[in-house]
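When a residue number appears, it is its place in the shown sequence, counting from 1.
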Amino acid sequence: METLIKQLKASNLPRESICLEIIERFGISDINKMKAGISRLKKSGFKVAIDDFGVDYSNLKVLEVLDFDLLKLDKYFVDEMKNSSIVSQMIDFLAQLTANLEKVMIIEGVERQEQKEAIKNYDYSHLYIQGYYYSKPLPIEELENFIVKE
């Protein structure tokens, strides 16, 4: 963590221009230690995202305890939102919750036009989408020339 903080300070990048993602595969065995680490990173100028929320070990307690900036919903949600009223209602609930908390929610894994159109039904200003619908991952050189026109 100290190395990240030093590198951010040395880079002269604006505060909150780098977002670190918490991924589930590392688990949350000591939530207080994680909470303290996130607090330190945020005070140093990083943004924090909870990645792949909704699968494996994630639960609503994580949203209550951790100081996050972005909540990234796992691809499972976009794949199942048309097939499951529970998933659709969960997306709606989480979109409302993140908006109320003044956080950002990103729905990951959007690959098709109909998925993008379905997400438009969730009318929240803090909701974004990410996925191959727009682009596969790009090298930074290509990313600089990539502009989404919608």
Side-chain angles (χ1 to χ4, degrees), residues 1-5 7-9 11 13-112 114-138 140 143 146-148 150:
M1 181 177 341
E2 293 306 316
T3 303
L4 286 173
I5 293 169
Q7 287 178 342
L8 180 61
K9 286 180 182 176
S11 73
L13 289 170
R15 290 181 62 80
E16 299 187 345
S17 61
I18 296 178
C19 182
L20 303 174
E21 294 185 359
I22 300 169
I23 56 176
E24 277 196 359
R25 70 179 138 238
F26 291 111
I28 304 178
S29 58
D30 188 347
I31 196 100
N32 290 327
K33 186 175 181 182
M34 183 174 282
K35 186 177 174 181
I38 288 171
S39 177
R40 175 110 167 85
L41 289 168
K42 288 184 61 94
K43 285 178 186 169
S44 298
F46 289 96
K47 283 190 164 217
V48 174
I50 298 173
D51 194 28
D52 296 331
F53 185 81
V55 296
D56 294 330
Y57 303 108
S58 60
N59 62 61
L60 297 176
K61 182 72 172 170
V62 167
L63 302 183
E64 187 174 44
V65 173
L66 298 181
D67 184 13
F68 65 97
D69 299 292
L70 296 96
L71 178 67
K72 298 179 76 176
L73 288 187
D74 188 77
K75 183 181 181 330
Y76 164 80
F77 285 90
V78 77
D79 288 343
E80 295 298 322
M81 69 182 171
K82 285 190 88 171
N83 303 328
S84 169
S85 65
I86 291 174
V87 168
S88 181
Q89 290 176 48
M90 281 298 298
I91 294 171
D92 189 49
F93 166 74
L94 291 168
Q96 287 181 47
L97 179 66
T98 52
N100 290 342
L101 295 171
E102 298 184 5
K103 309 292 183 179
V104 170
M105 185 169 88
I106 299 170
I107 300 178
E108 296 181 306
V110 177
E111 297 176 352
R112 298 183 309 276
E114 63 267 15
Q115 292 172 323
K116 182 187 138 206
E117 293 303 318
I119 292 168
K120 286 183 177 181
N121 293 323
Y122 304 103
D123 187 26
Y124 301 104
S125 61
H126 293 76
L127 177 64
Y128 298 89
I129 62 175
Q130 171 184 326
Y132 289 178
Y133 174 77
Y134 290 109
S135 176
K136 293 189 178 191
L138 299 171
I140 192 73
L143 183 62
F146 187 81
I147 299 173
V148 176
E150 287 202 46

**OP:** Supply the atom-to-atom distance Ile106 CD1 to Tyr128 OH, rounded to the nearest 0.5 angstrom.
**Re:** 8.5 Å

Original post:
To the nearest 0.5 Å, how far apart are CZ in Phe77 and CD1 in Ile91?
Top reply: 6.5 Å

**OP:** Compare every heavy atom of Lys116 with every heavy atom of Ile129, then report the nearest pair and how far apart it is.
**Re:** CD1-CG, 3.7 Å

Original post:
Is any NZ, NE, NH1 or NH2 atom of the basic residue among Arg40 and Glu2 found under 4.0 Å from an Asp or Glu carboxylate oxygen of the other?
Top reply: yes

Original post:
Considering the options Val62, Asp51, Asp52, Val48, which one meets the side chain to side chain contact (heavy atoms under 4.5 Å, CB included) requirement together with Ile22?
Top reply: Val48

Original post:
In Å and rounded to the nearest 0.5 Å, what is the CG to OG1 distance from Asn100 to Thr98?
Top reply: 8.0 Å

Subject >> Gap between atom NZ of Lys33 and atom CD1 of Ile38 - 0.5 Å precision >> reply: 13.0 Å

Subject >> Donor-acceptor side-chain pairing of Ser84 and Tyr76 below 3.5 angstrom >> reply: no

**OP:** Start with the C-alpha gap between Ile50 and Leu70, add the side-chain angles, then the distance that decides, and say whether side-chain contact (heavy atoms from CB on, under 4.5 Å) holds.
**Re:** CA-CA 6 Å; Ile50 298 173; Leu70 296 96; over 6 Å; no

Original post:
Quick one: does Val65's side chain get under 4.5 Å of Met34's, heavy atoms only?
Top reply: no

**OP:** Quick one: pull up CZ in Phe46 and OG in Ser17 and give me the separation to the nearest 0.5 Å.
**Re:** 8.5 Å

Original post:
Between atom CG of Leu97 and atom CD of Glu64, what is the distance when rounded to the nearest 0.5 Å?
Top reply: 10.0 Å

**OP:** Apply the salt bridge (Lys or Arg N to Asp or Glu O under 4.0 Å) test between Asp69 and each candidate in Arg15, Lys47, Lys42; give the one that qualifies.
**Re:** Lys42

Subject >> Name of the residue among Lys75, Gln115, Gln130 meeting side chain to side chain contact (heavy atoms under 4.5 Å, CB included) with Val110 >> reply: Gln115

Original post:
Is Val104 close to Leu71 at the side-chain level, that is, under 4.5 Å between some pair of heavy atoms?
Top reply: no

Original post:
Passes side-chain contact (heavy atoms from CB on, under 4.5 Å), Glu80 versus Asn83? Steps please.
Top reply: CA-CA 5 Å; Glu80 295 298 322; Asn83 303 328; 3.7 Å; yes

Original post:
If you look only at pairs with a residue in residues 89-98, which of them pass as a salt bridge (Lys or Arg N to Asp or Glu O under 4.0 Å), with sequence neighbours excluded?
Top reply: none

**OP:** Report the C-alpha separation of Ser88 and Phe93 in whole Å, then their side-chain angles, then the decisive distance to 0.1 Å, and conclude whether the side-chain contact (heavy atoms from CB on, under 4.5 Å) test is met.
**Re:** CA-CA 9 Å; Ser88 181; Phe93 166 74; over 6 Å; no

Subject >> Min side-chain heavy-atom separation Phe68-Cys19 under 4.5 Å >> reply: no

Original post:
Do Leu94 and Leu63 pass the side-chain contact (heavy atoms from CB on, under 4.5 Å) test, and can you show the C-alpha distance, the side-chain angles, and the key distance before you say yes or no?
Top reply: CA-CA 10 Å; Leu94 291 168; Leu63 302 183; 3.9 Å; yes

Subject >> Side-chain donor or acceptor of Ser11 paired with backbone N/O of Leu8 under 3.5 Å >> reply: yes

**OP:** Determine the minimum heavy-atom distance between Ile5 and Ser44, stating which atoms define it.
**Re:** CD1-OG, 3.4 Å

**OP:** Just grab all the salt bridge (Lys or Arg N to Asp or Glu O under 4.0 Å) pairs involving residues 97-110, residues at least two apart or on different chains.
**Re:** Asp67-Lys103, Lys72-Glu108

